[in-house]
Amino acid sequence: MHGLAHDDPVYVAVSTYLLKGLTDKDEIAEGESCVKCHTPVGYVSGYPVRTSDDRQKVADIATRGIQCDYCHSATGALKMENNGLVLAPGHGESDPGVKRGPYKDSKSDFHDSAFSEFHTESGICGTCHNVSHVSFGTKLETTYDEWLKSPYNSKDKNKQITCQGCHMIQRPGIPATASTRRPKNPGKASDDGPDRDHLFTHYFVGGNSAVPGLFGDKVKGKMAVERLQNSATLSLDTSRFSKGRMTVRVTNSGAGHYLPTGLTDVRQMWLNVRISDERKRVVFETGHCNSEGVLSSDSVIFNTVYGDGKGHPVSNITKAREILKDKRIPPLKSSHETFSFKPVKGKRYTVSVKLQYRSAPQELVDEVLGKGKTVIPVITMEHIEKTVQL
Ligand code: HEC
Ligand code: HEC
Ligand code: HEC
Ligand code: HEC
């Protein structure tokens, strides 16, 4: 996703769409700020500096998103939001500068190398993974802040689990979340380099199982699904079923930040709850998508909703002056959801509860990319089923 940050069709479409029809200068300022993170090499080297700059004129190197040289030229961060990275990139091929990373003893024939504590800390990720509205200050993404307050940010550095500790250990078949093992990945970082006890993997997989595949990648979509399926646990309390009530508990057991995190006004994580009788007739259901992929309005959904400052919800984040709703689950915490229905005495029911995720609502993708162009997959993160005899 880092390499695709500039080309990601969902990003390209959304960033163009948000700017349409804006007249307020504060809203325009936010809409024009995307390139700072999505085309960072271009931004620091002078083009593009605004989202609306001509994409055709962007230098080839800058179209490659957040790339090797960008991260490995960082020396620190000025602030923990809106990309405050400080860079020392050198001066082109003849003077490539110092590349910084986690080893004290790395040597290269191509560039100087130096140890950088900063690269071993969550802060190198946090400066981009905290996004605030440039004019109103509204918190739009807070992944780093969520981690900072989490139990994974232990004062004892040996016990601390950084962003890298989950996201740069994952490899195919090894989801590396808080609820799974996170085994080391020994090997050599370069052909004639020394043996290392762990090589940091650079898949940088989150929840996005759709976009890498659009670029022919066959591995990362599957890894995103494995990650999501090791993020949460579900439990079901049916002790009050005869009174027409039951409670579902959703626990964030795997993520080092809120579940979900990132741009959670767009991401959707919700509960699909279905009760059926002996004849398999559905007597109660909430949280299902219709044939167009639109989620029913009664769904329990874990997301954020922004407002215009007067209490009205807005879907265009450039207009986000306030947070109206933030229903997400902090690390190792649970959310309890109660459902009501009308049971009939003497009957036997099957209850199915699914926790589901998709990176964007289908109707949004249809609107910005064109109807039927891209189908956003719905991932079942967890599923439990129980039979209740009344
Ligand atoms: C988003 C930032 C980012 C990008 C992009 C990135 N790296 Fe890294 N890289 C890191 C961090 C952070 C570490 C060290 C992690 C730690 O110590 O916790 C690292 C570690 C390394 C190491 C040390 C050896 C190892 O594998 O552990 C090498 C070599 C390396 N990166 C090369 C690359 C190359 C080549 C690319 C491009 C294909 C790249 N990196 C892209 C952030 C990045
Ligand atoms: C304890 C393990 C763990 C740590 C630590 C951790 N993550 Fe995650 N991360 C996960 C899991 C599991 C998921 C998948 C569930 C989800 O999407 O939230 C995830 C998902 C993500 C996503 C995708 C969110 C989405 O749905 O769009 C991003 C971005 C991300 N992490 C960034 C970070 C950053 C930045 C840090 C450090 C500040 C970090 N993570 C620390 C486990 C971790
Ligand atoms: C220069 C800014 C920048 C830095 C530094 C950075 N990221 Fe990201 N990251 C992004 C952007 C932008 C995206 C989303 C690209 C897209 O979706 O088009 C992203 C995407 C991701 C995703 C995939 C999210 C998904 O929905 O699947 C993960 C995981 C992630 N970053 C983790 C990290 C970690 C861990 C670090 C630190 C080692 C880090 N990032 C450093 C900007 C950054
Ligand atoms: C401070 C850095 C930063 C800035 C500025 C920024 N983004 Fe992002 N963007 C991110 C990160 C980090 C992610 C990944 C979070 C996740 O996966 O949940 C992301 C992900 C996205 C995605 C999700 C793409 C997908 O495939 O699901 C969209 C869309 C997006 N950004 C649009 C924008 C727009 C539009 C702007 C400007 C108004 C913008 N971003 C400005 C950091 C930034």
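Atoms within a ligand are numbered from 1 in the order they appear, just like the ligands themselves.
For ligand 4 and E30, the ligand atoms under 4.0 Å from any heavy atom of the residue are 38 (C). Residue T261 has at least one heavy-atom neighbour below 4.0 Å for each of these atoms of ligand 4: 18 (O). Counting the atoms of ligand 1 from 1 in the order shown, those under 4.0 Å from a heavy atom of A189 are 24 (C). The P102 neighbourhood of ligand 1 comprises atoms 14 (C), 17 (O), 20 (C), 23 (C), with distances under 4.0 Å to a heavy atom of that residue. Distances below 4.0 Å separate heavy atoms of R267 from the following atoms of ligand 3: 26 (O). Near H129, with a cut-off below 4.0 Å to any heavy atom, the atoms of ligand 4 are 12 (C). Ligand 3 places these atoms under 4.0 Å from at least one heavy atom of H167: 29 (C), 35 (C). Those atoms of ligand 4 that come under 4.0 Å of a heavy atom in L18, given as number and element, are 35 (C). If you number the atoms of ligand 1 from 1 as listed, the ones under 4.0 Å from a heavy atom of H119 come out as 12 (C), 14 (C), 15 (C), 16 (C), 17 (O), 18 (O).
Judged by the 6.0 Å and 45° rule, R321 forms no cation-pi pair with Y306.
The parts of L263 lying near ligand 4 are both backbone and side chain, judged by heavy-atom distances below 4.0 Å. When non-hydrogen atoms are compared, ligand 4 lies under 4.0 Å from neither the backbone nor the side chain of E81. Within the 4.0 Å heavy-atom criterion, the part of H202 lying near ligand 1 is the side chain and not the backbone. When non-hydrogen atoms are compared, ligand 3 lies under 4.0 Å from the backbone of V205 (N, CA, C, O) but not from its side chain.
Close to ligand 3: G207, with a non-hydrogen atom less than 4.0 angstrom away. Proximity of Y103 to ligand 1 is established by a heavy-atom distance of less than 4.0 Å.
Residue contacts with ligand 3: G206 is placed with a nitrogen or oxygen under 3.5 Å of a nitrogen or oxygen of the ligand (distance criterion only). Between D8 and ligand 4, at least one pair of N/O atoms sits closer than 3.5 Å. Note: no N/O pair closer than 3.5 Å links T127 and ligand 3 by distance alone. Considering backbone and side-chain atoms together, Y11 places no N or O closer than 3.5 Å to any N or O of ligand 3.
Looking at G3, P40, C68 and measuring to atom 37 (C) of ligand 1, the nearest heavy atom belongs to C68.
Distance from atom 2 (C) of ligand 1 to its nearest protein heavy atom, with residue and atom name: C71 SG, 1.9 Å. Atom 31 (N) of ligand 4 has its closest protein heavy atom at H38 NE2, 3.0 Å. Atom 36 (C) of ligand 4 has its closest protein heavy atom at C34 SG, 2.7 Å.
Here C128 fails the criterion, with no N, O or S atom under 2.8 Å of atom 8 (Fe) of ligand 3.
Between Y47 atom OH and D54 atom CG the span is 5.0 Å, to the nearest 0.5 Å.
Using modelled atom types and a 3.5 Å distance limit, the side chains of T350 and E385 yield no donor-acceptor pair.
Distances from atom 28 (C) of ligand 1 to the protein include no heavy-atom value under 4.0 Å.
Between E146 and the options K333, R328, K139, a salt bridge (charged side-chain N to carboxylate O under 4.0 Å, His left out) holds for only R328.
H2 has its closest N, O or S atom to atom 8 (Fe) of ligand 3 at the position named NE2.
Listed by chain and number, the residues in a ring pair (Phe, Tyr, Trp, His ring centres under 6.0 Å) with H6 amount to none (sequence neighbours excluded).
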